Amino acid sequence: MMRQNNLNIRNWYTADLHLGHEAMIHFCNRPFKDAEQADETILRNLHAKVGPGDHLWMLGDFAMGKRKLDKKWLREMFDRLPGAEQHLVVGNHDDEIIQSLPWTTVSHIAEIRDGSLKQFNTLFHYPMHTWNHARRGAFQLFGHVHDNWLGSRNCVNVGVDVFDFYPVCFNEIEQRSASLPVNRHWKEIEPNCDVMFTDEEVFSGKMDVS
């Protein structure tokens with residue numbers, strides 16, 4: 001597992017781009033006429049948010065379909081990604097071809113310190129019921145399910161299909177989480193623990209987010 005503890009960096013999160021994947025337009029009702037229009041829109045939206053000094057976290061499924069096999073095209077798509085660093089959290093469609101691109105890091109799971117509580121949050125392609133520091137205010141970010149599920153209170157889908165094809169920063173994730181229901185299994189999995197802590201509980205020393 002990879003862990004990053006740099007609070008001076010602005011992080012952006014996204015998942016399930018599926019660049020080059022024509023069938024994804026039908027599967028997820030994406031509002032594009034073809035894969036090329038989808039690719040161009042997603043890449044333009046990435047550049048609209050991610051600054052030259054920022055870090056981009058790709059939570060799986062960067063590209064898919066026959067076009068992915070064209071190494072020249074695939075590298076061109078990668079080279080168009082914005083940011084100072086591009087990190088891949090491997091998804092089920094990120095085979096050796098995708099992983100061999102010059103990502104800054106490639107990992108199956110990562111913990112990144114971010115958010116208003118400056119907690120270590122877990123990044124994984126798939127949604128989870130619980131994770132490291134979940135009972136201390138940490139979030140889990142995921143993709144994989146496209147537009148089928150937004151997530152729960154502290155477990156948030158950051159895929160392009162549920163964020164208007166834009167990447168998101170952590171304040172947007174926290175805003176989305178506030179509107180989501182608590183996982184109905186939370187009290188079974190993490191008994192005697194509230195799903196979210198308040199700033200006062202964190203900064204009073206009652207809990208440790210390190």
Side-chain angles (χ1 to χ4, degrees), residues 1-7 9-17 28-29 45-46 49-50 54-61 87-92 107-210:
M1 182 183 71
M2 198 277 293
R3 202 180 214 213
Q4 189 179 96
N5 186 20
N6 192 340
L7 290 174
I9 296 298
R10 187 176 178 96
N11 295 296
W12 293 89
Y13 307 92
T14 192
D16 303 315
L17 274 59
C28 291
N29 296 311
N45 290 349
L46 287 172
K49 297 285 188 176
V50 183
D54 298 344
H55 289 188
L56 176 64
W57 291 89
M58 188 77 57
L59 273 62
D61 292 1
H87 302 266
L88 176 67
V89 177
V90 177
N92 54 304
S107 59
H108 285 270
I109 190 168
E111 287 186 359
I112 308 302
R113 198 162 196 169
D114 203 349
S116 60
L117 302 184
K118 300 179 175 59
Q119 70 273 35
F120 280 103
N121 306 289
T122 295
L123 278 54
F124 192 48
H125 181 60
Y126 312 94
M128 304 166 74
H129 280 306
T130 193
W131 48 92
N132 194 26
H133 299 314
R135 62 179 60 190
R136 301 181 182 179
F139 283 72
Q140 194 249 323
L141 311 183
F142 67 90
H144 185 63
V145 300
H146 294 274
D147 56 352
N148 293 324
W149 189 52
L150 294 177
S152 56
R153 183 66 56 84
N154 55 351
C155 179
V156 181
N157 183 352
V158 297
V160 293
D161 293 291
V162 294
F163 274 105
D164 296 323
F165 305 99
Y166 281 91
V168 290
C169 58
F170 217 89
N171 68 313
E172 295 172 284
I173 291 167
E174 290 178 321
Q175 290 171 14
R176 171 67 59 85
S177 77
S179 69
L180 298 176
V182 174
N183 186 321
R184 64 180 179 175
H185 298 293
W186 181 259
K187 289 299 182 181
E188 302 170 55
I189 299 163
E190 297 287 1
N192 304 315
C193 178
D194 290 335
V195 68
M196 298 297 288
F197 288 91
T198 67
D199 289 2
E200 289 75 16
E201 288 175 301
V202 173
F203 297 119
S204 67
K206 293 181 180 178
M207 55 175 286
D208 175 20
V209 297
S210 63

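Please read all numbers here as calculations on a predicted model, not as lab measurements. Heavy atoms only: backbone and side chains are in, while hydrogens, waters and symmetry mates are out.
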Measuring from [X]:[atom1] to [Y]:[atom2], what's the distance to the nearest 0.5 Å?
X      : Y      : atom1 : atom2 : answer
His129 : Trp186 : NE2   : CH2   : 11.0 Å
Arg10  : Asp114 : CZ    : CG    : 9.0 Å
Arg184 : Ile189 : CZ    : CD1   : 11.0 Å
Asp54  : Cys169 : CG    : SG    : 9.5 Å
Leu17  : Asp61  : CG    : CG    : 9.5 Å

Using modelled atom types only, decide if a donor and an acceptor are shared between the side chain of [X] and the backbone of [Y] within a distance under 3.5 Å.
X      : Y      : value
Gln119 : Gly137 : yes
Asp147 : Val162 : no
Trp131 : Ala138 : yes
Arg113 : Phe120 : no
Asn154 : Ser177 : no
Gln140 : Tyr126 : yes

Requested in this report: For side chain to side chain contact (heavy atoms under 4.5 Å, CB included), just list the numbers for Phe163 and Arg176, CA-CA rounded to whole Å, side-chain angles, deciding distance to a tenth of an Å, and then say yes or no.
Outcome: CA-CA 10 Å; Phe163 274 105; Arg176 171 67 59 85; 3.5 Å; yes

Query raised in the report: Do you know which of Ile112, Asn121, Leu117, Asn11 makes side chain to side chain contact (heavy atoms under 4.5 Å, CB included) with Phe170?
Result: Asn121

Requested in this report: Could you point out which residue of Val158, Leu59, Leu141, Leu56 forms a side chain to side chain contact (heavy atoms under 4.5 Å, CB included) with Thr14?
Outcome: Leu56

Contact summary for [X] and [Y], nearest pair of heavy atoms:
X      : Y      : value
Pro167 : Lys49  : CG-CB, 3.7 Å
Val89  : His125 : CG1-N, 4.1 Å
Gly143 : Ala15  : CA-CB, 3.8 Å
Cys193 : Lys187 : O-NZ, 3.4 Å

**Report entry** Verdict with reasoning, Glu111 to Asn5, per side chain to side chain contact (heavy atoms under 4.5 Å, CB included)
**Finding:** CA-CA 8 Å; Glu111 287 186 359; Asn5 186 20; over 6 Å; no

Does some side-chain heavy atom of [Y] sit less than 4.5 Å from a side-chain heavy atom of [X]?
X      : Y      : result
Met58  : Asp16  : no
Cys155 : Asn183 : no
Trp149 : Asn157 : no

Query raised in the report: Which pairs count as salt bridge (charged side-chain N to carboxylate O under 4.0 Å, His left out) when at least one residue sits in residues 157-175, sequence neighbours excluded?
Result: Arg30-Asp161

Query raised in the report: Sequence neighbours excluded, which residues qualify as ring pair (Phe, Tyr, Trp, His ring centres under 6.0 Å) partners of Tyr166?
Result: none

Query raised in the report: Listed by chain and number, what are the side-chain contact (heavy atoms from CB on, under 4.5 Å) partners of Asn192, not counting sequence neighbours?
Result: none

Requested in this report: Please work out which of the three classes, parallel, tilted or perpendicular, describes the rings of His55 and His87, given edges at 30° and 60°.
Outcome: tilted

